[in-house]
Chemist: 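Dropping the structure in here first, questions after.
Just so we're on the same page: letters track the sequence lines, and every chain starts at 1.
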Amino acid sequence: MRNNMLTVLGDDYVKFARAKGLRDRTVAYHYAARNAILPVFSQLALALGFVVGGQVFIEIVFSYPGIGYLLLQAVENEDYPLMQGIFLILTVTLLVASFLADVLYVFLDPRIRMESAK
Amino acid sequence: MNWRALLHNRRAVAGALIFALFCLLALLAPVIVPYSPTDINFTPLLHPSARHLLGTTVNGQDILSQLIWGARASLFVGLVCGALISLVQLIMGVFAGYVGGVFDTVAAAVTNVFLVLPSLPLLIILAAYLQGGGLLMLVGVITITGWAWGAKVLRSQAIALRDRPFVQAARVTGESRWHIVFAHVVPNMLGIIVSNFFGATLFAVLAEAGLEFIGLGNINDITWGTMLYWAQEGDAILLGAWVWLLVPGLCLALLGTSLGLLNFAVDEIANPRLRRD
């Protein structure tokens, strides 16, 4: 987000907004942040995969009965079909999540909307 | 990329110092360990004292010796995986992006598939299938699961560089593809490649410790991950042996911090927009 924000802040339309005499807050939130958040949003879906991974370890440490703990039990009992099943569910969930993120992206970014309308 | 700038970057210097310290610890491990890390003849559960600076484990092993020895495994797995992952990224990202065509289509598809797969669960499952393989097995598994994100980043960079005039000039003079990729494309994205290398190393160190902690990999190896595993198994917290649990975790965090600092610093130098001061 910081990287994107710095990139966007250097753009001409931000300079123009500032030249119009808008307040810093208005420029930051209404002009720059709206554009800087787009790449972050597309990374969010992929970050979900990492979250699921981290959650596996947290469930194991705290013995919280979730899918991660189930995965550990499957590993300990060498229950391969269960492992495959868990992995399948996790993967499908992530696929759906990233698909939803892509769909939402169209609402957030007018440029993509215009492209598909052509 | 400007290597001199690294010396003037506080993050880079701090990261490099901590990293160098751990490297020194790992290299000199056989010389500086006070006792053999596998020796189980000490009184169990001693608190830190002059004879055992960090105390002993429930099995009567010296914690400091284990800690020093454990640095070797973490750094070995981290650096080997970092190098292997970078190599895969170079081929699947940079080379494919530059060459284009069928190879690129296939490479991009494979990259996208690996990108969507949740890497840590896949790591656990792969390690479970290849049980008890020790460090080399972990290196393989971590490399397979950790390369996709960087490859995608590098690929888009390579595509952006492909049509720049100096690359086209190199192509017109009839140089081979590999030569163009390594002599003209790679040097121009070295910053991203290096920061990706540190990122991959960090991922590998944490993934190795995580897998060892849940008991995958060889539990008789001496690494920070297995120290945590045995501390958990040996009820370190219940027995009040907090040093046993805390110290390997702290070392992992420090090593992770140093790699993260190096990653950010190189990123900052390669991308002038991120520089603030």
Chemist: State the CD1-CD1 distance between B/Ile124 and A/Ile86, to the nearest 0.5 angstrom.
Modeler: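 Between B/Ile124 CD1 and A/Ile86 CD1, I get 9.5 Å after rounding to 0.5 Å.
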Chemist: Quick check for you: to the nearest 0.5 Å, what is the distance between B/Leu122 atom CG and A/Thr91 atom OG1?
Modeler: 8.0 Å
Chemist: Counting only non-hydrogen atoms closer than 4.5 Å, can you tell me which residues of residues 12-25 of chain A sit against chain B?
Modeler: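 Not one residue of residues 12-25 of chain A has a heavy atom under 4.5 Å from chain B.
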Chemist: Side chains of B/Ile214 and A/Ile60, heavy atoms from C-beta outward: is any pair under 4.5 Å?
Modeler: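 They are in contact (side-chain heavy atoms under 4.5 Å apart), so the answer is yes.
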Chemist: By the side-chain hydrogen bond (donor to acceptor under 3.5 Å, both in side chains) test, which pairs, at least two apart or in different chains, include something from residues 143-163 of chain B?
Modeler: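 Passing the test, one end in residues 143-163 of chain B: B/Asp104-B/Arg155, B/Asn112-B/Lys152.
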Chemist: Quick check on A/Phe57 against chain B: is it the side chain, the backbone, both or neither that has a heavy atom closer than 4.5 Å?
Modeler: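 Side chain only.
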Chemist: Tabulate, in ascending numerical order, the residues of residues 69-78 of chain A having at least one heavy atom closer than 4.5 Å to a heavy atom of chain B, or enter 'none'.
Modeler: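 So far as heavy atoms go, A/Leu71, A/Leu72, A/Val75, A/Glu78 are the residues that approach chain B to under 4.5 Å.
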Chemist: Write down the atom of B/Ile125, the atom of A/Met83, and the distance for their closest heavy-atom approach.
Modeler: CD1-O, 3.5 Å
Chemist: Around A/Tyr29, counting heavy atoms of other residues, nucleotides and ligands shown, do more than 12 lie under 6.0 Å from its OH?
Modeler: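 Not buried by this count: 12 neighbours or fewer within 6.0 Å.
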Chemist: Quick check on B/Phe213 against chain A: is it the side chain, the backbone, both or neither that has a heavy atom closer than 4.5 Å?
Modeler: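 Contact with chain A is through the side chain of B/Phe213 alone.
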Chemist: Listed by chain and number, what are the side chain to side chain contact (heavy atoms under 4.5 Å, CB included) partners of B/Leu75, not counting sequence neighbours?
Modeler: B/Phe19, B/Phe22, B/Cys23, B/Ala26, B/Leu255
